[in-house]
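The basis for the numbers below is simple: all heavy atoms, side chains too, and nothing from hydrogens, waters or symmetry mates. Worth saying up front: this structure is predicted, and the values here are computed from it rather than measured. Nothing fancy with the numbering, it's 1 onward along the sequence.
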Amino acid sequence: MNITHTNNALTFLLTLSFALLGVSFALGANPNTLSATFSFYELDTLLSNNTLGLLTGSAMIALAVTTLAAHLKLIKPMPALILALVVSIVPLLTLFASNRWMAHLGGFPIIGSGQGIIKYFAVIPLYLFLFYKNKLTDKQHVLLNFIPVAMVLLWIGGMKFYEFEANAIVGLVETSPFMSWLYTVFSVQGASNIIGGFDVLFAVLLGAGILLNNKKLIIVSGFACLSVFLMTQTFLITATGAFSSSTLLERLGQFVIKDLWYVGNLIVIATLMLLKPAK
């Protein structure tokens, strides 16, 4: 895979994900997320959820369109980058809101609805690589794309060791043909510990592989991390609450589709660490 193939793959993942998210929000999906996000800016009292959904959906659809147009060199990339910044920063800033954290469990670093929000950290590094690759060094691109992968795997993976998270994922894991067997071997908490341990272990190993420039370690840990984000896509088919006939995606579908961004992060890391021609 060369840079052209990488750019094509990133454009596809970004365009697809933001188009699906945008259409679903515009059709009225996940109003609770809209309320939680825009209450931080006190806009929920000024605008209805329908209006907020249309605005959010329109911004994401516009981002999908400008991403594809910029990739095809029909427009300059700056509009896509600006939209990506807006679409990412607006929800990320709400991590400062108390309603994102589970206060009864101590608050930070125990997150609640913030699980879906921290995934937006993955977006900007992809746009910087896609449209402004020469503005940063390869090492900087690798670091920027590794940080969100490590963050989500260490943070959400670490939460699997808590009882509330172990119980929360039962509805997903038991429907998976790849993971449901865990409940026949381990308890609910034990299975969750296995999943969380897998996430944490390979995030650490990927970081070590990058630091040591060890290609074998990067390949093994990279594929393991990739399997996590590809596995979640199967929930779109196996779990209930992902698709909707009226809004295309529901809350679970929106949560899962964001993992395509991490697939993109890993593609960038692989391109620069494994496939770059030797000097």
Side-chain angles (χ1 to χ4, degrees), residues 7-41 43-44 46-72 74-95 97 100 113-132 148 152 229 232-233 235-236 241-265:
N7 288 346
N8 289 339
L10 296 183
T11 300
F12 172 76
L13 293 173
L14 291 167
T15 301
L16 175 64
S17 59
F18 280 115
L20 292 174
L21 287 169
V23 170
S24 63
F25 273 122
L27 292 175
N30 209 355
N32 290 337
T33 288
L34 294 172
S35 297
T37 298
F38 290 102
S39 63
F40 179 77
Y41 301 98
L43 292 176
D44 59 323
L46 300 176
L47 301 171
S48 67
N49 263 352
N50 287 338
T51 302
L52 292 173
L54 284 172
L55 290 173
T56 302
S58 297
M60 290 185 168
I61 293 171
L63 177 54
V65 172
T66 55
T67 300
L68 182 58
H71 176 66
L72 297 175
L74 300 176
I75 62 172
K76 293 184 177 181
M78 186 57 69
L81 179 61
I82 292 174
L83 276 171
L85 285 168
V86 171
V87 166
S88 300
I89 290 175
V90 167
L92 283 172
L93 286 177
T94 67
L95 288 173
R100 293 301 188 196
S113 61
Q115 281 197 45
I117 299 304
I118 64 173
K119 294 187 177 185
Y120 285 94
F121 281 113
V123 174
I124 301 304
L126 296 177
Y127 278 88
L128 290 176
F129 179 87
L130 188 58
F131 297 123
Y132 297 95
V152 76
F229 302 120
T232 61
Q233 300 309 299
F235 296 147
L236 292 170
F243 287 107
S244 168
S245 59
S246 58
T247 62
L248 187 61
L249 294 178
E250 279 298 337
R251 184 185 66 82
L252 174 61
Q254 290 185 339
F255 180 81
V256 167
I257 207 71
K258 295 173 186 175
D259 283 352
L260 291 178
W261 303 335
Y262 293 97
V263 174
N265 293 140

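- For the pair Leu130/Thr67, a side-chain contact is recorded, criterion being any heavy-atom separation below 4.5 Å from C-beta on.
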Steps toward side chain to side chain contact (heavy atoms under 4.5 Å, CB included) verdict (His71, Phe12): CA-CA 10 Å; His71 176 66; Phe12 172 76; over 6 Å; no
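- To the nearest 0.5 Å, atom OG of residue Ser35 and atom CG of residue Leu43 are 11.5 Å apart.
- Between the side chain of Ser39 and the main chain of Ala36, a donor-acceptor pair closer than 3.5 Å is present.
- The two residues Ala122 and Pro148 have their closest heavy-atom pair at CA-CB, 3.7 Å.
- In this structure a side-chain-to-backbone donor-acceptor pair under 3.5 Å is missing from Lys119 to Asp259.
- Side-chain contact check for Ser24 and Gln254: at least one donor-acceptor pair (N or O, by modelled atom type) lies under 3.5 Å.
- Contact record, Met60 with Phe25: SD-CD1, 3.8 Å, taken as the closest heavy-atom pair.
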I'd like to know whether Val86 forms a side chain to side chain contact (heavy atoms under 4.5 Å, CB included) with Val90, so could you lay out the CA-CA distance, the side-chain angles of the two residues, the decisive distance to 0.1 Å, and finally the verdict. CA-CA 6 Å; Val86 171; Val90 167; 4.1 Å; yes
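- Relative orientation of the Phe229 and Tyr262 rings is parallel, given thresholds of 30° and 60° on the angle between their planes.
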Using ring pair (Phe, Tyr, Trp, His ring centres under 6.0 Å), reason through Trp261 and Phe121 one step at a time and then give a plain yes or no. CA-CA 9 Å; Trp261 303 335; Phe121 281 113; over 10 Å; no
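- Here the straight-line distance linking atom CG of Asn7 with atom CG of Leu126 works out to 11.0 Å at 0.5 Å rounding.
- For Pro125 against Asn265, the heavy-atom pair with the smallest separation is CB-ND2, 4.4 Å.
- Of all the heavy atoms in Ala70 and Pro77, the pair that sits closest is CB-CA, 3.8 Å.
- A donor-acceptor pair is defined here as one N or O able to donate and one able to accept, closer than 3.5 Å; no such pair exists between the side chain of Glu250 and the backbone of Ala29.
- In this structure a side-chain-to-backbone donor-acceptor pair under 3.5 Å is present from Thr66 to Leu63.
- For the residue pair Arg100/Thr37, the side-chain donor-acceptor check at 3.5 Å is satisfied.
- Annotation: side chain of Phe235 is in contact with side chain of Thr232 (closest heavy-atom distance under 4.5 Å).
- Just one of Asn50, Asn49, Leu52 meets the side chain to side chain contact (heavy atoms under 4.5 Å, CB included) condition when paired with Pro31; it is Asn49.
- Cation-pi geometry between Lys76 and Phe131 is not met at under 6.0 angstrom from the ring centre and within 45 degrees of the axis.
- Rounding to the nearest 0.5 angstrom, the gap separating the OG1 atom in Thr15 from the CG atom in Leu68 is 5.0 Å.
- The local environment of CZ in Phe40 is crowded, with over 12 non-hydrogen atoms from other residues, nucleotides or ligands closer than 6.0 Å.
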Step by step, work out the side chain to side chain contact (heavy atoms under 4.5 Å, CB included) result for Leu21 and Val87. CA-CA 11 Å; Leu21 287 169; Val87 166; over 6 Å; no
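- Counting heavy atoms from C-beta on, the side chains of Val65 and Phe18 never come closer than 4.5 Å.
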Run the side chain to side chain contact (heavy atoms under 4.5 Å, CB included) check on Gln233 and Leu260 step by step: do they pass? CA-CA 8 Å; Gln233 300 309 299; Leu260 291 178; 3.8 Å; yes
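- Taking both residues in full, the closest heavy atoms of Phe243 and Leu249 are given as CE2-CD2, 3.6 Å, listed atom of the first, atom of the second, then distance.
- Note that CD1 of Ile124 is 15.5 Å distant from CZ of Phe129, once rounded to the nearest 0.5 Å.
- When atom types are taken as modelled, the side chain of Ser17 and the backbone of Leu14 share a donor-acceptor pair closer than 3.5 angstrom.
- A donor and an acceptor atom, one from each side chain of Thr94 and Tyr41, are nowhere located under 3.5 Å apart.
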